[in-house]
Every structure is written in C-alpha cells, then in structure tokens.
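Reading through the structure tokens given below for one structure.
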Amino acid sequence: MTSSTLAVAGGKAQQFAILNIDTIFNFYKPTPPLSKFVDSFWLYEGYEPERRTERILPTGTLELAINLRQNEQRFYDAERPENCTRLSGAIVSGASGRGFTPDAPEEALMIGVHFKPGGAFPFLGLPAGDLADTHVDLETLWGASAGRLRERLCEARTSAERFQLLQEALLSRLCSGVEQHYAVSAALKIFGNGQAGPRVRDAAKYLGLSQRRFIQVFKAEVGMTPKLFSRIQRFQRTRTFIQHNPTINCADLAVDLGYFDQSHLIREFLEFSGLSPSDYINRFKHFTETETSSASDHLR
C-alpha cells in the first residue's frame, strides 16, 4: 500500500488500514473551490458476512456519511458499547476526541465526504464545536434538502453520478468568498508540521490573539480546542509510524514526537485508541493477515 493511499484512507471512513482499500473504496478529489475545504469524496460498497466492526479513531475532522442501502445509521459508544445511537441514513459526524464504533451491516453501500481539518464549517450552518463528539441527522442542518439528496444518490447508477450530485449539493451551500479565520489556517499549519506543537498561549500570542479568542475561533471552525487537536495529530503520527515500524523503541519514539516520556505516549495512545501501542500492533498484524487471506481466497 502506498503512503498516498494511506493518507486518503486515514479519515473516519477507515482508521484501520485495509490492504485492498483501492478495490473496495472509490475516491474522488474535488476541484476548487471545494478542494479548499474537502479532502475527498468516498464511496464504499462491500459484503461482509461476519459483520466485523472496528472502532473509528479520532482524526480531528468531520465527516458526512450517507447510507444508500437503508435509511438508518447506528453508532455505539467506544467505552460503553451497549449504548447505541440510531439516526437517519444521512448524518454528519462531528470532530471526536474519543472515537466511536459504527454498526457494520452485512451488505453496505455508503457515500461520504471527508472534510479537511477546519473544512466543514461553511456547510453546517452552526459552529463546528457544537457537533463535538456527536452525530447529527443531516436533515437537522440542511432541512428537507438532505432527504432529497439521499433519494437522488440512491437513484444514481454510477460513482461518477453520485460524486457529481454530492459536489453540487456542497457547492450550493458554499457562500462566495468564505474563508477560514487567518489564525485557524496558520494554527493548522503549525500543528500539522509534526513534532511537539507550541503551547496554545504561545500560538495565540504569535497569531496576535488572546488565548481565549484563539480557542474560540479555532473550536468554532475545527470542532475542538487547539490543544486537543494537536494531541490527536500527534497520536495519529504515532499510530502511523508504529504501524510501519512495529519494532520501534517507544522510548525513542516518545522523545522524537514530543511526549514527556514513554509512559506519556502509552497513556495518550490508550486514551485515543483503547489499546496500548503493543496491543495495537498485534491487532493490526492480525487484521492485515486476515485481509490477505480473504483476498487470496477471493482470487481462487
């Protein structure tokens, strides 16, 4: 799997990498002006008789997802799996700091939008922070047009048709000249550079804002506080690194990625994934071996 494929697959659509991601996910990269806000459109169609579910890990982004098989989606609390939330077939998933587990139907046809960090706010009609750690029916945000969009997507016959419909729906809600707050754009670049990011108060001072105002505008557009977002980005860098370097010394990695020490790395990894780094590596190995075996069986 190429690093570019991993990057595309790294959103809420799939946090545990799949070996044959290119064959079961169909991706589309939008053009300007949507490309400023949207990372990719995705379409998933699959048949999974074992109904294997996976915890969706925090990414610091929002997702729009529409079920084209049933007008329903269900989500389970990552810490309390007995708690189930039932929503319509078209939903927006807010930026999450905890992760969650979506229901995995036996036969699925889903289409969605993976927004860039801070990219969803022009399409919501409310601050992105209001959707933190929750899921909401798209109809709540868009009214009756959400249901009409889902109906048209269900009637479409090709991926290209569906992506075009989704693109038109987003463009219709994008006001001319809308831009991210300058401090949010700058902070996202700072936090995305790797290593340990600056303290929030130092970033605010550098950007010419009070700490309180900086947190306010960042949360309104990104959906979470800058401190939480920075921690999640560091966790994702850690996850990706150990996934490709399973024998890495965690003490050395902790220093390289800006953790206080190895125990700090392990605590944060456990908080965001529900697993220790070693357990995550073992689970990832098992997952990839299972996918390899399944792909081989399919080719016979």
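Along the sequence shown, residues are numbered consecutively beginning with 1. What you see below is based on every heavy atom in this structure, not just the backbone, and it leaves out hydrogens, waters and symmetry mates.
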Just jot down the side-chain hydrogen bond (donor to acceptor under 3.5 Å, both in side chains) partners of [X], sequence neighbours excluded, or say none.
X	value
T31	none
D261	S263
S278	S276
Q180	S185

Query - Residues in side-chain contact (heavy atoms from CB on, under 4.5 Å) contact with Q164, at least two apart in sequence or another chain - result: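 Counting only residues at least two positions away or on another chain, Q164 forms a side-chain contact (heavy atoms from CB on, under 4.5 Å) with Q167, E168.
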Query raised in the report: Quick one: side-chain contact (heavy atoms from CB on, under 4.5 Å) partners of P277, sequence neighbours excluded?
Result: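 If we apply the side-chain contact (heavy atoms from CB on, under 4.5 Å) test to P277, skipping adjacent residues, the hits are I242, C250, L265, I266, F269.
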Report task. Sort and list the pairs that fulfil ring-ring contact (aromatic ring centres under 6.0 Å, His included) and have at least one residue in residues 128-182, not counting sequence neighbours. Result ->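 Pairs touching residues 128-182 that pass the test: Y28-F163, F75-H135, F100-H135.
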Please list all pairs passing the salt bridge (Lys or Arg N to Asp or Glu O under 4.0 Å) test where one or both residues lie in [range], with sequence neighbours left out.
range	value
residues 211-229	none
residues 267-277	R231-E268, R231-E271, R234-E268
residues 173-185	K36-E179
residues 126-142	R98-D133

Minimum-distance pair of heavy atoms, taken over all atoms of [X] and [Y]:
X	Y	value
R55	G274	NH1-CA, 3.4 Å
Y44	W42	N-CE3, 4.1 Å
L62	A120	CB-CB, 3.9 Å

Query - Separation of Y76 OH from T85 OG1 (nearest 0.5 Å) - result: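 Spacing of OG1 (T85) from OH (Y76) equals 10.0 Å.
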Requested in this report: Hey, could you give me the CE/CD1 distance between M224 and I215, rounded to the nearest 0.5 Å?
Outcome: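 Going from the CE atom of M224 to the CD1 atom of I215 covers 14.0 Å.
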Query raised in the report: Under 6.0 Å between ring centres, would you say that holds for F229 and F218?
Result: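 Yes: the rings meet the under 6.0 Å criterion.
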Query raised in the report: Between F115 and F123, does the ring centre distance come in under 6.0 Å?
Result: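 Between F123 and F115, which both carry aromatic rings, the centre distance is below 6.0 Å.
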Going by atom types alone, do [X] and [Y] pair a side-chain donor with an acceptor below 3.5 Å?
X	Y	result
T238	Y259	yes
R239	Q243	yes
N71	S88	no

Query raised in the report: Residues two or more places apart in sequence or in another chain: which of them pass ring pair (Phe, Tyr, Trp, His ring centres under 6.0 Å) with F241?
Result: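 Testing F241 for ring pair (Phe, Tyr, Trp, His ring centres under 6.0 Å), a comparison that skips the adjacent residues, returns none.
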Requested in this report: Using atom types as modelled and distance alone, determine if a side-chain donor or acceptor of R157 lies under 3.5 Å from a backbone N or O of E155.
Outcome: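 A pair under 3.5 Å: yes.
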Query raised in the report: Do I91 and V136 come close enough that some side-chain heavy atom pair is under 4.5 Å?
Result: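 No - every pair of side-chain heavy atoms lies 4.5 Å or more apart.
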